[in-house]
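Reviewing the structure listed below.
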Amino acid sequence: MKEISFSSIDGINIGNAQSLEGQTGCTVVICKEGASAGVDVRGGSPGTRETDLLNPVNFVDKIHAVVLSGGSAFGLDASGGVMEYLEERKIGFDVTVTKVPIVCSAVLFDLIVGDYRIRPNKDMGYEACKNSELNICKNGNIGAGTGATIGKILGLEHSMKGGLGTFAVQVGDLKVGAVIAVNCLGDIVDPSTGEIIAGALKEDGKSFVDTQKVMLERYNEKKNLFSGNTTIGVVVTNGKFTKSQMNKVASMAHNGYARTMRPAHSIFDGDTIFTMATGKIEADINVFGFLAAEVVEKAILRAVRNADSIPGHKSYSELKHNS
């Protein structure tokens, strides 16, 4: 198994657009030929679009793009720009008079990080598609990870900077990759050491409170922690799988969340993973499944380690540099 670039997966293009003033952005993953797809929503506060059609009992069997966006529910508007871009290029489900692009999306909450009046919209979605023509993979404060933060159990003032991460591997001719926007309530843990590498900070701004420990101490407090959460992502492969298999792998990929985010899938997170398969090669679903969890794990760690500090939010690199 060797590491490869996410952008080297055949038939897949990735693009980002963002506003630094708004501290928000969106990421688009496009498959112009159409991809078999699935989804698994585990968090209790999701914001999604076109997830019902991914149910194996429903008719449509291919999608053309997935959008990951900031802006909370407002960010779903970015999908309109993606649809416009694809329709202009005659990409989509043929309905005789035109082609309707099948665009799925999920959003994360970042409204309180920058100017809440600036959200990913149709124009930003279209810009991300234009940037996908370059098919350049970047990590950190970009796209849907621009305003992402982590570790908010004690409020935003104790949280750290999250971000966007990509990671991909190849085994023989099978390629599997993930792009994840990390914006969780909990802490980020390196599974190889068990140590927290980013999360809710103590008053000293240098050490971690341990989110799960705080939650245990306050088990009898019913507090609304909806202060900017949700981790969203896409796993892609060049393998050939059915829609039902893709839904199963989306479920398996959440193991990557569980390994790195503590806690994961809280009622205040809308944790969601989409899967896309271009159908180029035959492959075993079990291998795809455990590789999906692996690349999700590594993408999350890369997102955090490549994030840059913004006003009010320290990054992993700043903390490490000053330790």
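Just so you know, these numbers use all the heavy atoms, side chains as well, and skip hydrogens, waters and symmetry mates.
Remark: the Thr146 side chain and the Asn141 side chain contain no N/O donor-acceptor pair separated by less than 3.5 Å. Thr230 and Asn183 share no side-chain donor-acceptor pair at under 3.5 Å. Counting only N and O atoms by type, the side chains of Thr24 and Ser19 include no donor and acceptor under 3.5 Å apart. Glu297 and Thr260 share no side-chain donor-acceptor pair at under 3.5 Å. A side-chain donor-acceptor contact under 3.5 Å links Arg42 and Ser251.
Hydrophobic clustering of Ile, Leu, Val, Met, Phe, Trp and Tyr side chains at less than 4.5 Å, counting indirect connections, keeps Phe59 apart from Val57. At a threshold of 4.5 Å between side-chain heavy atoms, the hydrophobic network of Ile, Leu, Val, Met, Phe, Trp and Tyr places Tyr316 and Val189 in one connected group. Residue Val179 is grouped with residue Leu108 when hydrophobic side chains (ILVMFWY) are merged at heavy-atom distances under 4.5 angstrom, including chains of intermediate members. With hydrophobic clusters built from ILVMFWY side chains whose heavy atoms lie under 4.5 angstrom apart, Val67 shares a cluster with Leu53.
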If you apply the rule side-chain contact (heavy atoms from CB on, under 4.5 Å), what do you find for Lys240 with Ile281, and how did you get there? CA-CA 6 Å; Lys240 184 177 181 180; Ile281 67 150; over 6 Å; no

When you look at Phe6 and Phe167, which way does the ring-ring contact (aromatic ring centres under 6.0 Å, His included) test go after all the steps? CA-CA 6 Å; Phe6 182 91; Phe167 195 87; over 10 Å; no

Determine whether Thr166 and Asn139 satisfy the following criterion, side-chain hydrogen bond (donor to acceptor under 3.5 Å, both in side chains), listing intermediate values before the conclusion. CA-CA 7 Å; Thr166 65; Asn139 300 278; 3.1 Å; yes

Hey, mind stepping through Val100 and Met83 against side-chain contact (heavy atoms from CB on, under 4.5 Å) and telling me if it holds? CA-CA 8 Å; Val100 180; Met83 289 194 70; 4.1 Å; yes

Could you give me the CA-CA distance, side-chain angles and deciding distance for Ile188 and Ile196, then say whether side-chain contact (heavy atoms from CB on, under 4.5 Å) is met? CA-CA 6 Å; Ile188 300 299; Ile196 297 172; over 6 Å; no

Apply side-chain contact (heavy atoms from CB on, under 4.5 Å) to Ile63 and Phe274, showing your working. CA-CA 11 Å; Ile63 70 170; Phe274 291 96; 5.7 Å; no

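Considering all non-hydrogen atoms of both residues, Val295 and Ala292 come closest at CG2-O, 3.3 Å. Here the closest heavy-atom approach between residue Thr272 and residue Pro46 is recorded as OG1-CB, 4.5 Å. The two residues Lys161 and Ala148 make their nearest non-hydrogen contact at NZ-O, 3.0 Å. In plain terms, the two heavy atoms of Leu54 and Ala37 that are nearest each other are CD2-CB, 3.9 Å. Taking all atoms of both residues into account, the shortest heavy-atom contact from Ala78 to Ser69 is CB-OG, 4.4 Å. When all heavy atoms of Asp110 and Gly147 are compared, the closest pair comes out as CB-O, 3.6 Å.
Each of Ile180, Val176, Thr231 was scored for a side chain to side chain contact (heavy atoms under 4.5 Å, CB included) with Val296, with one residue passing: Ile180. Only one option out of Ile30, Asn13, Ile12, Ile9 pairs with Asn135 in a side chain to side chain contact (heavy atoms under 4.5 Å, CB included); it is Asn13. Of the options Thr211, Ile150, Asp271, a side chain to side chain contact (heavy atoms under 4.5 Å, CB included) to Cys184 is made by Ile150 and by none of the others.
The closest side-chain heavy-atom distance from Leu86 to His64 is below 4.5 Å. Residues Cys129 and Val28 form a side-chain contact, since some pair of their non-hydrogen atoms from C-beta on lies under 4.5 Å apart. With contacts defined as side-chain heavy-atom distances shorter than 4.5 Å, the pair Met160/Leu201 qualifies. Counting only heavy atoms from C-beta outward, the side chains of Leu68 and Val234 approach each other to under 4.5 Å. Within the 4.5 Å cutoff, no side-chain heavy atoms of Thr275 are placed close to those of Val39. The shortest side-chain heavy-atom distance between Glu217 and Gln212 does not fall under the 4.5 Å cut-off. Two residues are said to be in side-chain contact when any heavy atoms from C-beta on lie closer than 4.5 Å; Ile4 and Lys175 meet this criterion. Using a 4.5 Å heavy-atom threshold, the side chains of Val235 and Ile273 count as touching.
Using cut-offs of 30° and 60° for the angle between ring planes, the Tyr126 and Tyr85 rings count as perpendicular.
For the pair Lys280 and Glu33, the salt-bridge criterion is met [side-chain N within less than 4.0 Å of a carboxylate O]. With respect to Lys152 and Asp187, no salt bridge is recorded, no charged nitrogen being found less than 4.0 Å from a carboxylate O. Salt bridge status for Lys32 with Glu133: absent, with no side-chain N to carboxylate O gap under 4.0 Å. Under 4.0 Å is where a charged nitrogen must lie from a carboxylate oxygen, and between Glu87 and Lys99 no such pair does. The residues Lys206 and Asp204 are annotated as not salt-bridged, no charged nitrogen and carboxylate oxygen being separated by less than 4.0 angstrom.
Of the possible polar contacts, one joining the Asn255 side chain to the Met252 backbone as a donor-acceptor pair under 3.5 Å is found. Without hydrogens or angle criteria, Thr149 side chain to Gly162 main chain gives no donor-acceptor distance under 3.5 Å. The backbone N or O of Thr51 sits nowhere less than 3.5 Å from a side-chain atom of Thr48 that would complete a donor-acceptor pair.
Within a 6.0 Å sphere centred on CD of Glu21, other residues, nucleotides and ligands contribute 12 heavy atoms or fewer. Within a 6.0 Å radius of NZ in Lys298, more than 12 heavy atoms belonging to other residues, nucleotides or ligands are found.
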